[in-house]
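Below: the structure, in structure tokens.
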Amino acid sequence: MTAKIAYDEVEAGTELPARTFPVTRATLVRYAGASGDFNPIHWNEKFAVEVGLPDVIAHGMFTMAEAIRVVTDWAGDPAAVVEYGVRFTKPVVVPNDGVGALVEVSAKVAAKLDDNLVRVDLTATSAGQKVLGMSRAVVRLA
């Protein structure tokens, strides 16, 4: 597969379609099973509070993976992402209320690079707080 977006069709400042991702306790249990990360801060409210967290929090790698979906959906090919990195700035707190949390992600082309590459900057927030910092991807377009 290759990216479906043509390099010549984008400019710096091009905004990608924003997405909102729901996160529930069930989501965290499924992710823990798939990843093998059973740290109790992701499923045990009592433990999370005892170690100073406000509640159970989402796995950082899960949050990172959800955020890059904005880019892979836009590009049309996950393999188009050749580089991706973030800093974890705030946790995504997931209450046990049947609703959970929302991670809101927006992104834009920050720079056009050589060789059909673009740098995409992402913004991910939850409950009004930025949860990922320096979130950037380099994407090879068609």
Worksheet item: By ring pair (Phe, Tyr, Trp, His ring centres under 6.0 Å), which residues pair with Phe21, not counting sequence neighbours?
Response: none
Discussion item. Can you tell me how far apart CZ (Arg136) and CZ (Arg87) are? Round to the nearest 0.5 Å.
Written reply: 9.0 Å
Worksheet item: Got Val56 and Leu28 here, is their nearest side-chain heavy-atom distance under 4.5 Å?
Response: yes
Worksheet entry | Thr125 side chain vs Gly128 backbone, donor-acceptor pair below 3.5 Å | no
Discussion item. Quick check: do Thr27 and Phe62 have side-chain heavy atoms less than 4.5 Å from each other?
Written reply: yes
Worksheet item: Do Thr63 and Leu132 touch side chain to side chain, with heavy atoms closer than 4.5 Å?
Response: yes
Worksheet item: How many angstroms lie between atom CE of Met134 and atom CZ of Phe88, to the nearest 0.5 angstrom?
Response: 14.0 Å
Discussion item. According to a hydrophobic-cluster definition based on side-chain heavy atoms being under 4.5 Å apart (Ile, Leu, Val, Met, Phe, Trp, Tyr only), do Ile57 and Phe47 belong together?
Written reply: yes
Practice prompt. Using the side-chain contact (heavy atoms from CB on, under 4.5 Å) rule, take Leu113 and Val138 through it: C-alpha gap first, then chi angles, then the decisive distance, then the call.
Written response: CA-CA 9 Å; Leu113 311 172; Val138 175; 4.2 Å; yes
Discussion item. Is it the case that over 12 heavy atoms from other parts of the model lie below 6.0 angstrom from the NZ atom of Lys90?
Written reply: no
Discussion item. Check Glu104 with Lys130, please: is the shortest side-chain N to carboxylate O separation under 4.0 Å?
Written reply: no
Item to complete: Considering non-hydrogen atoms only, spot the tightest contact between Ala107 and Val120 and give its length.
Response: CB-CG1, 3.8 Å
Item to complete: Using the rule that two of Ile, Leu, Val, Met, Phe, Trp, Tyr join whenever any of their side-chain heavy atoms come within less than 4.5 Å, decide whether Val93 and Val105 are in one cluster.
Response: no
Practice prompt. Heavy atoms only: give me the nearest Ala3-Ala142 pair and the separation to one decimal.
Written response: O-CB, 3.3 Å
Worksheet item: Are Val99 and Val92 connected in the hydrophobic side-chain network, where two residues link if heavy atoms are under 4.5 Å apart?
Response: no
Worksheet item: How many angstroms lie between OG in Ser35 and CE in Met61, if you round to the nearest 0.5 Å?
Response: 9.5 Å
Fill in: Asp77/Lys4 salt bridge by N-O under 4.0 Å criterion
no
Practice prompt. Go through the steps for Leu122 and Val71 under the test side-chain contact (heavy atoms from CB on, under 4.5 Å), then give the verdict.
Written response: CA-CA 9 Å; Leu122 297 92; Val71 177; 3.8 Å; yes
Item to complete: State, with a plain yes or no, whether a side-chain heavy atom of His42 is found less than 4.5 Å away from one of Asp37.
Response: yes
Response to the item:
Closest non-hydrogen atoms of Ala58 and Val23, given as atom of the first, atom of the second and distance, are CB-CG1, 4.3 Å
Worksheet item: side-chain contact (heavy atoms from CB on, under 4.5 Å) between Val139 and Tyr84: does it pass, once the steps are laid out?
Response: CA-CA 9 Å; Val139 183; Tyr84 178 45; over 6 Å; no
Practice prompt. Search all heavy atoms of Ala32 against all heavy atoms of Phe38 and return the closest pair with its distance.
Written response: O-CZ, 3.4 Å
Worksheet entry | Heavy-atom check, side chain of Val10 versus side chain of Val118, under 4.5 Å | yes
Fill in: Pairing of Asp55 and Arg25 as salt bridge, 4.0 angstrom limit
yes
Discussion item. With heavy-atom distances below 4.5 Å as the criterion, would you say the side chains of Val103 and Thr20 are in contact?
Written reply: no
Fill in: Salt bridge flag under 4.0 Å for residues Lys108 and Asp121
no
Practice prompt. Look at the side chain of Tyr31 and the backbone N and O of Gly36, then say whether any donor-acceptor pair between them is shorter than 3.5 Å.
Written response: no
Worksheet entry | Interatomic distance, Asp8 atom CG to Lys112 atom NZ [nearest 0.5 angstrom] | 5.5 Å
Fill in: Closest non-hydrogen atom pair, Pro95 against Ala101
CD-N, 4.4 Å
Practice prompt. Applying side-chain contact (heavy atoms from CB on, under 4.5 Å), run through Val94 and Trp43 and close with a yes or a no.
Written response: CA-CA 9 Å; Val94 183; Trp43 57 271; over 6 Å; no
Fill in: Side chain to side chain, Leu117 and Tyr7, heavy atoms closer than 4.5 Å
no
Discussion item. Please report the interatomic distance CG(Leu141) to CG(Asp115), rounded to the nearest 0.5 Å.
Written reply: 11.0 Å
Discussion item. Going by the rule side chain to side chain contact (heavy atoms under 4.5 Å, CB included), which residues pair with Asp114 if we only count those two or more places apart in sequence or in a different chain?
Written reply: none
Discussion item. Return the OG1 to CG distance between Thr72 and Leu16, rounded to the nearest 0.5 Å.
Written reply: 10.0 Å
Worksheet item: Considering all heavy atoms of both residues, which atom of Ala80 and which atom of Ala75 are nearest to each other, and what is their separation?
Response: CB-CB, 4.1 Å
